[in-house]
Protein chains: 2
Amino acid sequence: MKHYVEIGDTDLAPLLDLNHRTVDFPAGKTIVALNEPVDKIYIVTSGWSLRARYLDDGRRQIINFQLPGDYFDLMSLVGARSDHTISAATDTTLRIYNGQDYLRAIQRSHRLAAAFWWVTVQEETILRQQIVRIGRMSAQERIANFILELNRRQNIADGDRDDFVPLPVPQAFLADALGLSVVHISRSLTSLKARDLVKTSRRGIEIIDRDSLVELAEYDPALFEPKPVPLAAQ
Amino acid sequence: MKHYVEIGDTDLAPLLDLNHRTVDFPAGKTIVALNEPVDKIYIVTSGWSLRARYLDDGRRQIINFQLPGDYFDLMSLVGARSDHTISAATDTTLRIYNGQDYLRAIQRSHRLAAAFWWVTVQEETILRQQIVRIGRMSAQERIANFILELNRRQNIADGDRDDFVPLPVPQAFLADALGLSVVHISRSLTSLKARDLVKTSRRGIEIIDRDSLVELAEYDPALFEPKPVPLAAQ
DNA sequence: CGCATGTTTGATAAACCTCAAGACCGGTGG
DNA sequence: CCACCGGTCTTGAGGTTTATCAAACATGCG
């Protein structure tokens with residue numbers, strides 16, 4: 001668990017010094033409920049959390065996952081109420097900061113403010129990518145794209161260059177993230193295995209043929225790669 | 001065209017005084033190309049623009065539309081490159097501001113900064129709603145939801161309470177926004193008409209039975225309604 | 001009027017969903 | 001160590017939704 005090292009390395013480090021508390025959430029527990037005012041910010045220490053909306057008949061759309069090292073609800077401190085639910089996908093540990101402290105810290109440091117903007121830009125990029133995935137890609141393409149995206153984000157958090165993508169949630173979660181049924185997720189994964197692009201196990205997915213996967217998913221990692229923040233108008 | 005009045009009424013008014021230029025884009029013209037550095041911000045004066053990504057085989061996913069009165073690329077001033085294309089959906093007029101001026105203005109005024117955060121929060125909400133729509137809703141639900149959303153945004157811009165939703169783009173644009181084929185858009189609209197929920201014409205869609213439409217789309221306008229910005233930590 | 005663009009309709013195919021049963025796997029208690 | 005149990009994954013059959021292709025039909029415009 002070297003996430004702290006990672007966090008500490010960024011321009012966001014000053015955040016870590018602020019008052020905070022560390023809270024454990026068991027899998028399934030709600031972290032931020034629908035319509036709840038958002039006045040805290042969160043950093044995932046371990047586990048996965050997820051942001052989702054539920055339709056009346058029980059359909060669930062997972063909007064995105066928060067992985068270890070991820071910050072979230074940074075932008076929601078302007079008096080908004082949550083329009084979705086955040087809950088623990090696995091057993092999860094979060095550091096929770098007070099929104100006011102955070103705002104003051106941002107106002108003290110333009111460098112911190114810029115870093116925070118950067119995180120928000122990244123998050124919007126992830127949302128847009130999710131829209132392209134579920135709007136215009138086939139099941140296999142969606143899965144390939146999503147796996148590569150997870151892999152990219154996990155590599156950032158871990159610092160490794162690993163081809164194994166841990167997946168600590170059941171395939172039903174993949175289904176609700178990608179707008180597919182569990183059954184079809186399973187079948188599509190089977191196809192990807194048959195094409196020797198990936199191997200699967202209970203614990204995750206192993207990328208076997210990254211090039212083909214990238215081609216199938218039209219996944220351009222450059223679009224997501226963090227770039228140095230130029231700190232304009234500092 | 002009372003958009004200016006609207007803009008002038010908000011906390012974002014100081015922006016209007018900054019140096020800018022006004023540029024016309026004919027329908028179809030690219031405004032911000034893929035991979036282009038983003039160092040300007042834009043306000044739509046008239047017409048629609050759109051943000052989209054194209055897949056290699058020509059598939060297009062429209063991520064969202066920018067309507068008159070909308071601001072965009074506010075967040076992209078931290079040295080990011082565009083991961084998508086912005087182009088004019090109809091003939092469009094934009095006010096274009098220099099990013100540096102804008103950043104300085106924000107740093108001078110916490111009130112302006114808060115207003116800008118608010119706009120960004122709204123934009124993220126729209127993206128999340130788009131994900132729910134195309135991920136877990138049927139064609140008819142998607143269309144109903146999208147119409148109501150358009151109507152809400154147009155009412156904000158116009159100040160009216162109108163049940164007519166102008167649609168200055170062909171149905172193919174709806175299709176690419178909602179992840180459906182043109183043919184299926186047409187058929188689904190026919191169904192909605194048969195159920196007496198809407199009427200359609202070349203120029204747009206008229207909401208006939210708003211209650212049923214809201215129920216079908218599970219559309220809760222409260223989730224989007226702009227609320228006063230409390231300006232925490234001012 | 002005639003053409004280009006957009007919309008609708010019909011027929012057929014593909015992608016994906018639902019239901020249901022069976023197989024697998026990791027843990028638990030005997 | 002084994003048997004069992006619950007949750008998860010896979011497979012099969014059949015149905016629904018949506019896509020594709022092609023043609024007919026509208027609409028606006030020069």
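Throughout, protein chains are lettered first and strands after them, A, B, ... in sequence-line order, and every chain is numbered starting at 1.
Contact footprint of chain B on DNA chain D: nucleotides with an atom under 4.0 Å from a non-hydrogen protein atom, first to last in 5' to 3' order, D/dT18 to D/dT27.
Counting only heavy atoms from C-beta outward, the side chains of A/F173 and A/I62 approach each other to under 4.5 Å. The closest side-chain heavy-atom distance from A/R59 to A/D176 is not below 4.5 Å.
Salt bridge status for A/D73 with A/R51: present, with a side-chain N to carboxylate O gap under 4.0 Å. The existence of a salt bridge linking B/D83 and A/R128 is confirmed by a sub-4.0 Å separation between a basic side-chain nitrogen and an acidic carboxylate oxygen.
Of all the residues in residues 198-208 of chain B, B/R202 reach under 4.0 Å from DNA chain D with at least one non-hydrogen atom. Shown for residues 138-148 of chain B: no residue has heavy atoms falling under 4.0 angstrom of DNA chain C. Looking at residues 167-183 of chain A, you'll see A/G179, A/L180, A/S181, A/V183 sit with a heavy atom under 4.0 Å from some atom of DNA chain C.
Across A/I43, A/T22, A/V44, a single residue satisfies side chain to side chain contact (heavy atoms under 4.5 Å, CB included) together with A/L94, and that is A/V44. Among the candidates B/D70, B/L67, B/I31, the single residue satisfying the side chain to side chain contact (heavy atoms under 4.5 Å, CB included) test with B/S49 is B/I31.
Contact annotation: B/K193 does not reach the phosphate of C/dT7 (side-chain N/O to OP1 or OP2, under 4.0 Å).
A donor and an acceptor atom, one from each side chain of B/Q61 and A/R133, are nowhere located under 3.5 Å apart. In summary, the side chains of A/R95 and A/H20 do present a donor paired with an acceptor at a separation below 3.5 Å, with no hydrogens or angles considered. B/Q66 and B/N64 are linked by a side-chain donor-acceptor pair at a separation below 3.5 angstrom, with hydrogens and angles left out of the test. For the residue pair B/N35/B/R81, the side-chain donor-acceptor check at 3.5 Å is not satisfied.
Rounded to whole Å, atom P of C/dA15 lies 16 Å from atom CE of A/M137. Look at NE2 on A/H184: it is 12 Å from P on C/dT18, rounded to the nearest Å. The distance between atom CZ of B/R136 and atom C1' of C/dC16, rounded to the nearest whole Å, is 11 Å. Atom CD1 of A/I185 is separated from atom C1' of C/dC16 by 11 Å (rounded to the nearest Å).
Between its two ends, the helix from C/dC1-D/dG30 to C/dG30-D/dC1 turns its axis by 30°, counting five pairs per end and rounding to 10 degrees.
Taking the centre and axis of the six-membered ring of B/Y54, the NZ or CZ atom of A/R136 falls outside the cone set by 45° and 6.0 Å. Cation-pi geometry between A/R152 and A/Y219 is not met at under 6.0 angstrom from the ring centre and within 45 degrees of the axis.
Pairs of residues two or more places apart, or lying in two chains, that qualify as side chain to side chain donor-acceptor pair (under 3.5 Å) and include a residue from residues 183-194 of chain B are B/K193-B/T200.
Open room surrounds CD on B/E215; 12 or fewer heavy atoms of other groups in view lie less than 6.0 Å from it. Counting heavy-atom neighbours within 6.0 Å of A/R210 CZ, excluding the residue itself, gives a total above 12.
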